[in-house]
Protein chains: 2
Amino acid sequence: MGTTQLESVPEPKYWHLKTVLSEALDSEFSVGEILPNERDLAARFGVARATLRQALEQLELEGRLQRRRGVGTTVAPPRVGVAVGTEQHAWPGAAGDAWQPVDCEQTIPPAVVAAALDSGADEPVHVVRRSRMSHGQRVATELLYIPAASVPGLTAIDAPSGPARARAVLRELQHLSQESQDRSVELGSARADDAKDLDRLPGSPVLVVTTRFAAEGRTAVLSVATYRADTCRLTFGDSTGVEIHHDPERQAS
Amino acid sequence: MGTTQLESVPEPKYWHLKTVLSEALDSEFSVGEILPNERDLAARFGVARATLRQALEQLELEGRLQRRRGVGTTVAPPRVGVAVGTEQHAWPGAAGDAWQPVDCEQTIPPAVVAAALDSGADEPVHVVRRSRMSHGQRVATELLYIPAASVPGLTAIDAPSGPARARAVLRELQHLSQESQDRSVELGSARADDAKDLDRLPGSPVLVVTTRFAAEGRTAVLSVATYRADTCRLTFGDSTGVEIHHDPERQAS
DNA sequence: AAGTGGTCTAGACCACATA
DNA sequence: ATGTGGTCTAGACCACTTC
């Protein structure tokens with residue numbers, strides 16, 4: 001065929017825009033620098049603001065940009081690696097883990113959680129809330145579901161709620177001997193309360209890490225940890241993790 | 001306070017819409033069923049189509065819906081758990097792994113990859129492309145970057161490219177003795193070629209699993225695997241993984 | 001040809017942060 | 001008060017699948 005292949009599959013404007021912006025970020029901007037506002041940027045590229053926003057959204061999803069209402073759009077630092085797989089046979093709350101107890105209450109868990117705990121559906125459990133900092137920033141919140149059977153020695157002498165209670169529950173947990181732990185990671189969107197903790201808007205993308213700790217043949221603890229997907233790279237395994245980000249579309253030649 | 005708290009923080013329409021739809025999906029629809037089209041749905045809820053789409057986008061992100069251009073919107077099955085952390089000290093291509101070699105070529109890697117391989121920036125490497133099926137569906141594509149030094153016994157007698165070549169490279173890899181492997185997981189958006197492999201549109205959310213395999217004190221293989229974030233739940237560790245999805249916003253009472 | 005989801009426009013108003 | 005990003009509208013046209 002002697003004919004020239006001219007854009008038989010024209011790429012969407014926002015996609016092209018994203019590529020252009022991405023290259024500009026690499027070459028002309030430095031971390032923390034603020035970009036022109038959306039209206040100006042849209043005008044500069046000759047597109048509607050909604051189209052420009054579609055490109056910005058993807059760049060934010062990829063961790064290249066950070067947008068804050070009322071403030072502006074800034075160039076994001078590279079994602080921070082947060083270790084998830086380390087403490088192999090330790091319980092939550094073991095010495096030196098990265099989490100900070102926030103609160104604790106005793107309630108009936110959601111149906112899906114009760115099922116995973118294979119406890120009765122109406123059985124109340126301890127729910128410990130913790131948060132995790134990294135590089136001076138809140139990167140995750142966690143809910144720990146702990147059946148009463150997992151902390152038999154727990155007394156009522158401590159405060160019925162609050163950080164002190166949370167620490168008491170976790171302390172009691174250390175007495176169990178752990179058999180195994182299963183972990184899974186999936187994409188989710190932040191619930192209202194998690195979003196608030198993470199300083200994001202509700203619905204922002206998060207990585208949900210669900211861990212089930214087993215002891216004495218049953219599920220002793222269920223942890224649901226919610227990490228900011230825009231700023232976090234979850235690392236597993238032996239060492240500190242690889243650092244590969246935003247693969248350029250084309251290979252260097 | 002005797003006053004009634006009336007929506008001092010009114011939630012966005014699309015957020016409320018998402019909640020309503022989510023509940024409808026739980027109670028009134030079954031997996032695979034097709035929803036009314038976007039124009040009808042928008043009219044039914046009295047919102048603009050763009051607003052309705054914002055709700056649908058989030059539900060798709062959470063793996064509750066599947067949308068296909070020209071076809072319609074269907075209720076998605078629960079996410080499939082795909083094991084990522086199993087073969088602890090095995091190389092890619094070891095007997096019984098879940099991957100299928102697709103192609104192989106020898107090129108200069110992107111700069112970020114070259115850096116992670118700590119090889120010279122202009123050093124060509126073998127790039128093996130593989131794909132992974134699960135439950136009859138393509139769930140991931142992978143690029144393996146393998147420096148020539150990692151496969152010293154490789155001969156040129158096989159085809160210079162194609163699946164046969166890929167298998168030859170992987171076979172050669174098994175001779176090395178592995179020291180460690182690091183893994184990390186982060187959110188990304190599908191590049192054009194990956195999107196095609198995964199039967200998604202470019203830019204759709206993916207989970208990028210980067211694994212570095214070490215041998216003889218250096219990086220022997222770098223794997224960048226791209227999983228469909230809408231359909232996959234990545235599982236690690238001892239067993240098959242927990243199954244918790246779409247936590248209802250409020251706890252059961 | 002008809003129907004679907006995907007892209008795009010040119011506006012408007014709102015919530016939030018900052019000065 | 002001003003400026004930012006976030007939400008929302010009512011259209012239009014395009015790409016794709018199916019009939």
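Chain letters run A, B, ... following the sequence lines, proteins first, then strands; residues in each count from 1.
- Shown here are the side chain to side chain donor-acceptor pair (under 3.5 Å) partners of A/Q54, two or more places apart in sequence or in another chain: there are none.
- Considering only residues two or more places apart in sequence or on other chains, A/R200 meets the side chain to side chain donor-acceptor pair (under 3.5 Å) condition with A/E60.
- For B/N37 and C/dT4, the shortest distance from a side-chain N or O to OP1 or OP2 is below 4.0 Å.
- Taking atom CG on A/L65 and atom P on D/dT4, their separation rounds to 16 Å, with Å as the unit.
- By the 4.5 Å heavy-atom criterion applied to side chains, B/M133 and B/V139 are not counted as neighbours.
- Whole-Å rounding puts the A/R39 CZ to C/dC13 P distance at 13 Å.
- A straight line from CG of B/L35 to P of C/dG3 spans 19 Å, rounded to a whole angstrom.
- Straight-line distance from the CD atom of B/E57 to the P atom of C/dG5: 13 Å, rounded to whole Å.
- Between B/Q66 atom CD and C/dT4 atom C1' the separation is 15 Å, expressed in whole Å.
- The CG atom of B/L41 sits 13 Å away from the P atom of C/dG6 (whole-angstrom rounding).
- For C/dG5, the OP1/OP2 oxygens have a side-chain nitrogen or oxygen of B/T73 closer than 4.0 Å.
- Residues forming a side chain to side chain donor-acceptor pair (under 3.5 Å) with A/S27 (at least two apart in sequence, or on another chain): none.
- Every residue meeting the side-chain contact (heavy atoms from CB on, under 4.5 Å) condition with A/L21, not counting sequence neighbours, appears here in chain and number order: A/L17, A/F45, A/L52, A/A55, A/L56, A/L59.
- Nearest-nucleotide positions on DNA chain C place B/E38 closer to the 5' end than the other of B/E38 and A/G70.
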Check nucleotides 7-10 of chain D for protein N or O atoms closer than 3.5 Å to its own N or O atoms and list the pairs.
{"unit_1": "D/dT7", "atom_1": "OP1", "unit_2": "B/Y14", "atom_2": "OH", "d": "2.9"}
{"unit_1": "D/dC8", "atom_1": "OP1", "unit_2": "B/K13", "atom_2": "N", "d": "2.2"}
{"unit_1": "D/dC8", "atom_1": "OP2", "unit_2": "B/Y14", "atom_2": "N", "d": "3.2"}
{"unit_1": "D/dT9", "atom_1": "OP1", "unit_2": "B/K13", "atom_2": "NZ", "d": "2.9"}
{"unit_1": "D/dT9", "atom_1": "OP2", "unit_2": "B/A48", "atom_2": "N", "d": "2.8"}
{"unit_1": "D/dT9", "atom_1": "OP2", "unit_2": "B/T51", "atom_2": "OG1", "d": "2.4"}

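- Salt-bridge annotation for B/R130 and B/D97: present, with a side-chain N of the basic residue lying under 4.0 Å from a carboxylate O of the acidic one.
- Among residues two or more places apart in sequence or in another chain, the side chain to side chain donor-acceptor pair (under 3.5 Å) test is passed with B/Q66 by none.
- As a whole-Å value, the separation of B/D40 CG from C/dG3 P is 11 Å.
- With hydrogens and angles left out, the side chain of B/R68 and the base of C/dG6 share no donor-acceptor pair within 3.5 Å.
- The distance between atom CG of B/L56 and atom C1' of C/dT4, rounded to the nearest whole Å, is 13 Å.
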